2 protein chains.
Amino acid sequence: MTDSVRDALRAEVVDDAFTLAAYPESETPFISSKDDAKDGLDDMEDALFDLHEMMFAAKERAVLLVLQGTDASGKNGTIKHVVRLVNPAGVKIASFGEPTEEEKQHHFLWRIKREVPGPGMLGVFDRSHYEDVLVPIAEQTLDDDTVAERFEEIRSFEADLVDRGVTVVKCLLHISYDEQRERFLRRLRRHDKRWKFRESDLDTRRLWDRYRLAYGRVVQETSTEDAPWYIVPSDHKWYRNWAVARLLIESWEDMDLSYPQPDLDLDALRAALEDPA
Amino acid sequence: MTDSVRDALRAEVVDDAFTLAAYPESETPFISSKDDAKDGLDDMEDALFDLHEMMFAAKERAVLLVLQGTDASGKNGTIKHVVRLVNPAGVKIASFGEPTEEEKQHHFLWRIKREVPGPGMLGVFDRSHYEDVLVPIAEQTLDDDTVAERFEEIRSFEADLVDRGVTVVKCLLHISYDEQRERFLRRLRRHDKRWKFRESDLDTRRLWDRYRLAYGRVVQETSTEDAPWYIVPSDHKWYRNWAVARLLIESWEDMDLSYPQPDLDLDALRAALEDPA
């Protein structure tokens, strides 16, 4: 058995087909309890910080963390609990809501491309270009040819990122219908969370099965060798945080990072510093 | 005596004159020891998070935290230790290095205006438009009229921000010549910090007194009623972190923030959620 979380969570597209039904939302590969996950995340803190800082210092590679999932699946929670562990100066977060009027005038990748992380950065997409295929598929608002074209453009956009040294980590935060209900009820109960709830969230929930199928289709069409999807079981928040942290660490470990060592004449510099003004 | 850190650290421009010489770099108003500062910062964590989250949720007001100071004054450290305490989804950090060729083609405020925080956001400037007056003054590369014009444009740019509901918190991270030497030596010693050191940092250090005077001039010209400068004694990192956190909290407290309470029919929503799909 592998101990790679990427291997364990990578979506398996078999014979060009993929279904989310095969992925339990509450399983916790490698992790036996909440404490176990929390200890694991604590243990990863230094490595997360250092690996990210090395990438930031070297300004060559980059990571794009794509967070997708239904309402209340934990996109913001992942940012709060995992992304917050690294140096914020090297992080660029972009949230993609419904396109604005200006955005609608442009190609659907226009607003996305403007937010691609530059060299050294960890970019985080809170929702992403995948909304532009998920919603039309689930709500049946685009014809098949246009959807197929968008898939092709997404694959080519991501392949181009990978070519430029950006590792694309696509996480589907996978929660169950029941867990979403619990989280919605909690939001309604808490005065400091209620603002996150919109009536339209219930409309989307009513299309649960159609969105499930749409997600399956998206994974099937866009889980490529270089930019695979990871299905992150997310009914347990502690597992989700642990798993996303591991996915980032494994991605950074692949980059063979180290702190740049500038070619400095250390003795001369030290002597110059000891001199009075 | 007031217990407002803003009142205590606000730059005092008297008779149109200001000099940094009157501000000790290692004093620690309100704080008696490193432990005291660390406990204070711990105690502020929840308030920082909540106040920022309320502003983020309401999407009306914004804060622009401007971090200025010489090399090694702790701009990045402040981001790491203070800014990291709030929800990263509501933070936008911009670092301004030497202008690129593209940026040089534009007005000096062009790249600045693109990074102004939108409603609800905490914007952080790691260096800022102030570089465009500090450097020319210290290095004597611009004539007086042009400098005066830039000051005028900066005052009007910031007044406009304040009119639009953006609180501008300008922090001069104030370190001594000796402390900078210690920090440079530490950077040279540590393999994970050496990448931050550039030979040109020493050239700037040689112009220490001229930069001091330039900072004095900048404060004198741009410390306005609505967008004052705070001189943050920064020889002690723990004091700097504590003080910047307090400045943010006091700014947010002025906004009378609360979590938005959307007008929802809670009973109906709960009933709808209990229904099967």
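Here the structure is a predicted model, which means the values were calculated and not measured. Naming: A, B, ... by sequence-line order, numbering from 1 per chain.
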Near A:Lys38 NZ, under 6.0 Å, is it more than 12 heavy atoms from other residues, nucleotides or ligands? no
Kindly compute the distance separating CZ (B:Phe49) from NZ (A:Lys80), expressed to the nearest 0.5 Å. 4.0 Å
So, do B:Ile93 and A:Val91 sit near enough that their side-chain heavy atoms are less than 4.5 Å apart? no
The interface call for B:Lys193 against chain A, heavy-atom contacts under 4.5 Å, is neither
Where do B:Leu273 and A:Arg205 come nearest, in terms of heavy atoms and distance? CD2-NE, 3.6 Å
Can you establish whether the number of heavy atoms outside B:Asp42 located under 6.0 Å from its atom CG is more than 12? yes
Can you tell which part of B:Asp126 gets under 4.5 Å to a heavy atom of chain A, answering side chain, backbone, both or neither? neither
Tell me, out of A:Arg194, A:Lys75, A:Gln180, who's got the most heavy-atom pairs with chain B below 4.5 Å. A:Arg194
The interface call for A:Lys92 against chain B, heavy-atom contacts under 4.5 Å, is neither
Residues, nucleotides or ligands: over 12 heavy atoms within 6.0 Å of B:Asp256 CG: no
Just checking A:Gln261: does its CD atom have more than 12 heavy atoms from other residues, nucleotides or ligands closer to it than 6.0 angstrom? yes
Flag the one option from A:Val124, A:Val83, A:Asp265, A:Leu264 with the top tally of heavy-atom pairs under 4.5 Å to chain B. A:Leu264
Side chain, backbone, both or neither: which part of B:Ile79 has an atom under 4.5 Å from a heavy atom of chain A? both
Using the six-membered ring wherever Trp is involved, compare the ring planes of B:Tyr259 and A:Trp195 and label them parallel, tilted or perpendicular (cut-offs 30° and 60°). parallel
Heavy-atom pairs under 4.5 Å with chain B are the metric here; pick the option from A:Leu85, A:Asp50, A:Leu185, A:Asp192 that has the most. A:Asp192
Which one, B:Pro88, B:Pro260, B:Pro262, B:Ala58, leads in non-hydrogen pairs under 4.5 Å with chain A? B:Pro88
State, yes or no, whether a side-chain contact exists between A:Leu269 and B:Glu199 at a heavy-atom distance under 4.5 Å. yes
